[in-house]
Structure formats: C-alpha cells, structure tokens
Protein chains: 2
Amino acid sequence: MISLAEVQAFCTAANAASTPQTLMHAVQEITARMGFRYFALVHHIDLLAPDGTGIRLVHYPHEWVEAFEEGRLYASDPIHRASQTTNVGFAWSKVATMITLNARDRAVLAAARIAGLGNGFTIPAHIPGETNGSCSFAMGEGDDMDDAQLPLVQLVGSFAFEAARKIAHAAASPIPAVPQLTERQIECVALVARGKTDWEIARILGVGAETVTQHLKDARDRYGVTKRTMLAIRALFDGAISFADILRR
Amino acid sequence: MISLAEVQAFCTAANAASTPQTLMHAVQEITARMGFRYFALVHHIDLLAPDGTGIRLVHYPHEWVEAFEEGRLYASDPIHRASQTTNVGFAWSKVATMITLNARDRAVLAAARIAGLGNGFTIPAHIPGETNGSCSFAMGEGDDMDDAQLPLVQLVGSFAFEAARKIAHAAASPIPAVPQLTERQIECVALVARGKTDWEIARILGVGAETVTQHLKDARDRYGVTKRTMLAIRALFDGAISFADILRR
DNA sequence: TCCGTTATCCCCAGAACTGGGGAGATCATC
DNA sequence: GATGATCTCCCCAGTTCTGGGGATAACGGA
C-alpha cells in the first residue's frame with residue numbers, strides 16, 4: 001500500500017512538472033505504485049477549446065481508447081456522467097447507485113470490460129467555468145482494488161488533475177476567459193432561467209422594464225449569444241447561476 | 001498529527017450521519033483532532049433569503065458570522081471566490097496568488113482576522129448543476145498550521161461536504177414524477193437549448209417550422225412551463241438533455 | 001375496430017424578444 | 001479630474017414566441 005509521504009512526493013513532483021510528458025511520467029509511476037494498471041486524466045468535452053487545449057493524459061488499452069473516440073463517449077460515458085454527480089472519488093462498481101444506467105450505458109461498460117479494463121476508481125474534477133473533467137485509475141481485469149488506500153488515490157487524482165490544469169493553462173495562451181457578468185446581470189439571467197419575462201423581472205427587481213432588457217442585452221453580448229435561452233444555459237454551465245437559484249421555490 | 005485511519009473513520013461516521021446535528025458533531029470532533037479551532041461547511045449562497053435547503057454547518061466566531069451575514073459575503077468573500085478557481089484545497093495565505101484582491105477583499109480579510117480567525121485551509125466543492133460550496137478549517141489567530149497534514153485535511157473537507165450534501169438531498173422534497181418527452185420533442189428541446197429558432201430547428205430536422213412549434217408546444221405542456229428557456233433548463237435538470245448535447249460543436 | 005400516442009402540417013393574434021440607436025448618474029480607480 | 005464600469009431609463013423596427021383553434025396519417029394496444 002502506498003503511503004501519505006509518497007502521495008505528497010507525487011504532489012510536489014506533479015506541481016513541478018511543466019510539460020504533459022513530465023506529468024504523464026509521474027502519474028504513470030504512481031499509478032503502478034498504487035497497484036493500478038491504467039489511468040485517464042481527461043476533460044470530458046472540448047467545448048470552448050476545440051483546438052485541443054483540453055486536458056488529456058491517457059494510458060488505457062488501445063482497443064478501448066479507439067472504441068471510446070469512435071463512440072464520442074466523452075460526456076455520455078456512464079463513468080463520466082457519474083462523476084458529474086459528486087465531488088469525491090468513487091469505485092466503478094458503485095456507478096449503478098449513482099446514475100440510472102440505460103441499455104447503452106451497460107453496453108459501454110461491457111465493452112470496457114472486454115477491452116481489458118477491470119474495476120476502477122474515478123476522481124471528479126469540477127471547476128466553475130471550466131470543462132468538467134476527471135481522473136480515473138483502473139485495474140486489469142480480475143485484479144482486486146485495495147479499498148483502504150482509496151482516500152489516498154483520491155488525493156493523487158485531485159493533485160494530478162490540478163497539475164494538468166496548470167500546464168494546460170500555461171499552454172493556452174489566449175485564455176478562453178469565462179465572461180464575467182455583473183451582479184445585476186446575473187440576477188436578471190437567474191430570473192430569465194426561471195422563465196420570467198423582462199416585465200416580470202423588472203417588477204421583481206424594482207426597476208424599469210427597459211433596464212432589464214438592457215442588462216440582458218449586455219449579458220448576451222458578453223457571452224456572445226443571441227438568445228436568452230442560450231444565455232441562461234451558458235451562465236448555468238459555468239456557474240454564474242445554479243439549479244438551486246432557478247428551481248427552488 | 002492526524003492519521004489516515006482517523007480520516008477514514010471520520011469518513012465512515014460522516015457517511016452514516018443522517019442529520020445535520022450528527023454530522024456537525026463529527027466534523028467538530030475531527031476539526032479539533034486536526035488542530036483547527038473553527039470550520040465552515042457551506043454553500044456559497046445567501047442563506048438568509050431563500051428557504052434554507054442550502055448546506056450550512058458553521059462553527060466560526062460569532063462576531064465573524066454576524067459580520068459575514070451583514071455584508072452578504074456568501075459569493076463575494078475572497079476565500080469563496082478563490083475556491084472557485086481550483087478543485088484542491090488551499091491555505092488562505094495563498095489567496096492573493098489565486099485571485100486579484102481588491103480593496104474590499106482586503107477589508108474583509110482584515111475583519112476576519114480581527115474577529116479572531118487565523119490562517120485557514122479551504123477545500124472547494126463544486127458539482128455541475130449545483131450551488132458551489134466549500135469546507136473551510138481555520139486556526140485561532142497566531143496558531144500555526146501543520147502543512148504536512150493538509151492533504152488529509154483536504155480529504156476530510158471533501159468527505160464532510162459530500163456527507164452534508166447527502167443529508168441535504170435526503171431532506172429535499174419527495175421527487176415529483178419527471179415528465180417524459182418524446183424523442184422528437186427532446187431533439188427540438190436540445191436545439192432550443194442551443195439557441196436555435198423554430199425555423200432553424202425545422203431546417204435541421206428536415207420538417208416544417210409549424211411542426212417544430214407544435215413539438216415545443218407539447219413539450220412545454222408536459223413540463224407545465226410557458227417559456228422555452230424554462231423548458232430547456234428543466235429538460236437539462238432531469239437529464240432529458242445534457243450539457244454535452246448542447247455545447248459540443 | 002376503436003382509442004391513444006406520435007408526428008406531421010396549417011392559420012392567427014397578441015405578447016415577448018432582439019438589435020440598433022442614445023443618455024444621465026454613481027462610484028472606484030488611476 | 002479623467003476614465004471605465006455599472007446601473008438606470010428611453011425609442012423603434014423587425015423577428016420570434018406563445019396559446020388558441022384546426023387537420024391528416026401511421027402505429028399499436030385493448
């Protein structure tokens with residue numbers, strides 16, 4: 001079993017890494033030390049960074065990597081979907097208790113098994129305004145996971161992702177800056193997301209309808225979108241508003 | 001210094017907790033064990049106004065809690081802002097390197113110090129579609145933090161937040177039956193969420209614009225909403241569509 | 001065979017949104 | 001004292017949505 005000291009050593013090494021290669025090497029090493037065979041440190045989609053600035057350090061069976069890309073599973077993969085429901089690591093064997101698996105999901109999991117992946121452990125990595133990601137470690141088929149060290153595995157996953165993020169940020173010169181909305185704009189968008197009209201929002205905020213229209217105009221401009229629906233969803237996606245803001249009554 | 005075994009014991013206890021009180025007690029205990037004096041496990045929303053389904057377990061100096069609510073700092077507090085830029089724990093002394101501190105931020109930090117808070121460590125907790133939160137542990141003024149155990153503190157913070165989340169979810173309302181949309185309706189809603197007009201959606205699906213209008217009319221009816229924005233967000237919330245459907249190019 | 005569901009299309013009137021223009025006030029910062 | 005950001009309000013023309021009312025056809029189950 002790996003020790004806390006080793007985790008800390010990895011953390012230091014990962015933080016010092018300035019290239020994906022260096023980091024890849026460090027992760028590979030600790031993956032083996034933790035008794036895993038495979039790992040994948042990835043962003044789940046490449047939304048606003050179509051040019052490949054997304055994080056992607058993968059050491060998985062070739063077969064599976066190909067099948068994965070073939071099926072464009074980045075965001076529909078059940079493991080990824082499950083990782084979006086928590087912020088602590090979870091064993092793949094628990095996925096069925098986290099999300100509802102449909103027929104396609106089961107097919108995906110079966111395919112992974114056939115490709116040589118055994119049980120695994122995934123650490124979610126979510127940061128408001130950034131693409132969701134995760135860091136997964138997997139055994140070969142048949143191998144047993146040591147539950148006792150999973151908390152340490154979680155730490156490794158978090159630190160690894162953070163290190164990858166740092167490298168990716170440094171590499172991505174034109175920072176895809178998440179548009180910042182003003183407080184008033186956010187209030188308006190939150191109410192838009194609740195299906196209010198400009199006039200209703202104006203009543204609620206105690207200002208003129210024209211003012212609300214203007215705030216939303218400005219907010220749309222900042223996100224570069226032309227529809228209030230898109231505005232609400234983008235604001236939701238990068239955390240300017242949350243489902244709690246919208247759906248609570 | 002705390003041991004990994006103690007962290008795991010806390011994790012088990014936290015997961016078993018079914019009321020905020022039980023969890024509060026467990027967190028209080030381990031906080032002391034880790035050498036901290038205060039903690040705050042919170043959602044970053046204004047908990048005075050809404051109905052209070054947000055997470056909020058706080059043991060901070062009274063003075064500070066009051067000042068905090070007075071100033072409505074839930075989302076503008078520099079510590080909270082910093083926590084939204086990472087997914088690993090950070091010492092408060094590092095905040096200046098994470099976000100740009102303005103005059104007001106510095107005033108807030110100074111006020112916290114006056115209220116008796118020393119250095120602290122905050123673990124972010126972000127889950128897509130949910131309110132951002134964090135778990136912070138703080139020393140009394142003048143006390144020194146043991147850097148070596150911070151990774152374990154991070155684990156405790158993550159587990160504590162997850163446990164609180166589980167309790168909050170359980171307390172939340174009985175699930176109202178999720179309306180089912182037809183396949184065609186879902187396709188239309190997904191495109192609505194991408195900001196398309198009925199006419200554009202009709203082109204994409206190869207049907208008449210009137211048909212799209214009708215599908216959306218029906219979909220709104222099923223959800224009992226009157227605005228397409230609300231429709232998109234509800235569909236997103238209960239999984240009929242996903243961010244991946246919307247935002248991938 | 002009848003009924004419910006789904007998908008397709010049509011018309012209309014009023015409400016709501018969008019994009020363009022402009023303008024005054026406040027506040028913090030430089 | 002200027003500058004920029006924010007918030008506030010106004011006008012207008014054109015587009016888009018929304019909620020009514022229809023209709024036809026295919027499919028599958030009761």
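Because only heavy atoms are used, hydrogens play no part in the values below, and waters and symmetry mates are left out as well, while side chains stay in. We name chains A, B, ... by the order of the sequence lines, and we start the count at 1 in each one.
Distance, A:Met230 CE to C:dG19 P: 13 Å, rounded to whole Å. Atom-to-atom, NE2 of B:His215 to P of C:dC9 comes out at 8 Å; the value is rounded to the nearest Å. Rounded to an integer number of Å, the gap from A:Leu205 CG to D:dC9 C1' is 15 Å. Between the CD atom of B:Glu183 and the P atom of C:dA7 there is a distance of 8 Å, rounded to whole Å. Distance A:Leu216 CG to D:dC9 P: 14 Å, rounded to the nearest Å. Between the P atom of C:dG19 and the CG atom of A:Asp198 lies a distance of 12 Å, rounded to the nearest Å. In this structure, the CG atom of B:Asp218 is 16 Å from the P atom of D:dC17, given to the nearest Å. The separation between B:Asp221 atom CG and D:dC17 atom C1' is 14 Å, rounded to whole Å.
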Enumerate the protein-to-nucleotides 26-30 of chain D contacts in which both atoms are nitrogen or oxygen and the separation is below 3.5 Å.
none

When you compare the protein's N or O atoms with those of nucleotides 20-23 of chain D, which come within less than 3.5 Å of each other, and at what distance?
| residue | atom | partner | partner atom | Å |
| --- | --- | --- | --- | --- |
| D:dG20 | O6 | B:Lys217 | NZ | 2.6 |

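Shown here for B:Ser136 and B:Trp92, the closest heavy-atom pair between the two residues is CB-CZ2, 3.9 Å. Nearest approach of A:Arg184 to A:Leu205, heavy atoms of both residues: NH2-O, 3.4 Å. A:Thr229 approaches B:Ala232 most closely through the heavy-atom pair CG2-CB, 3.9 Å. The minimum heavy-atom distance between A:Arg222 and A:Gln180, with the atom names listed, is NH1-O, 2.6 Å.
The side chain of A:Thr213 contributes no N or O atom lying less than 4.0 Å from OP1 or OP2 of C:dC17. Residue A:Thr197 places no side-chain N or O under 4.0 Å from the OP1 or OP2 atom of C:dA15. Taking side-chain N and O atoms only, B:Thr226 has no distance below 4.0 Å to OP1 or OP2 of D:dT18. In this structure, A:Arg184 does not reach the D:dT6 phosphate: none of its side-chain N or O atoms is under 4.0 Å from OP1 or OP2.
Proximity note for A:Thr211 (side chain, C-beta onward) versus D:dC17, D:dT8, D:dT6: the nearest is D:dT8. Taking the side chain of B:Arg220 as heavy atoms from C-beta on, and the options C:dG19, D:dC7, D:dG19, the nearest nucleotide is D:dG19.
Along DNA chain C, the nucleotide nearest B:Lys227 and the nucleotide nearest B:Gln185 are compared for position; the residue whose nucleotide lies closer to the 5' end is B:Gln185. Residue order along DNA chain D, read from the 5' end via each residue's closest nucleotide, puts A:Arg222 first among A:Arg222 and A:Glu210.
When side chains are defined from C-beta on, B:Gln154 does not count as touching B:Phe90, because their heavy atoms never get closer than 4.5 Å.
Aromatic ring centroids of A:His126 and A:Phe161 lie 6.0 Å or more apart.
Of the residues listed (B:Leu41, B:Val156, B:Thr122, B:Asn119), the one engaging B:Phe137 in a side-chain contact (heavy atoms from CB on, under 4.5 Å) is B:Val156, and it is the only one.
Counting only distance, with no hydrogens or angles, the side chain of B:Gln214 and the backbone of B:Thr211 share no donor-acceptor pair below 3.5 Å.
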Task: Criterion side chain to side chain contact (heavy atoms under 4.5 Å, CB included) on B:Val212 and B:Glu200, from CA distance to verdict - done: CA-CA 9 Å; B:Val212 171; B:Glu200 290 170 320; over 6 Å; no
Can you list, pair by pair, the side-chain donor-acceptor contacts under 3.5 Å of residues 109-118 of chain B, counting residues two or more places apart and other chains?
none

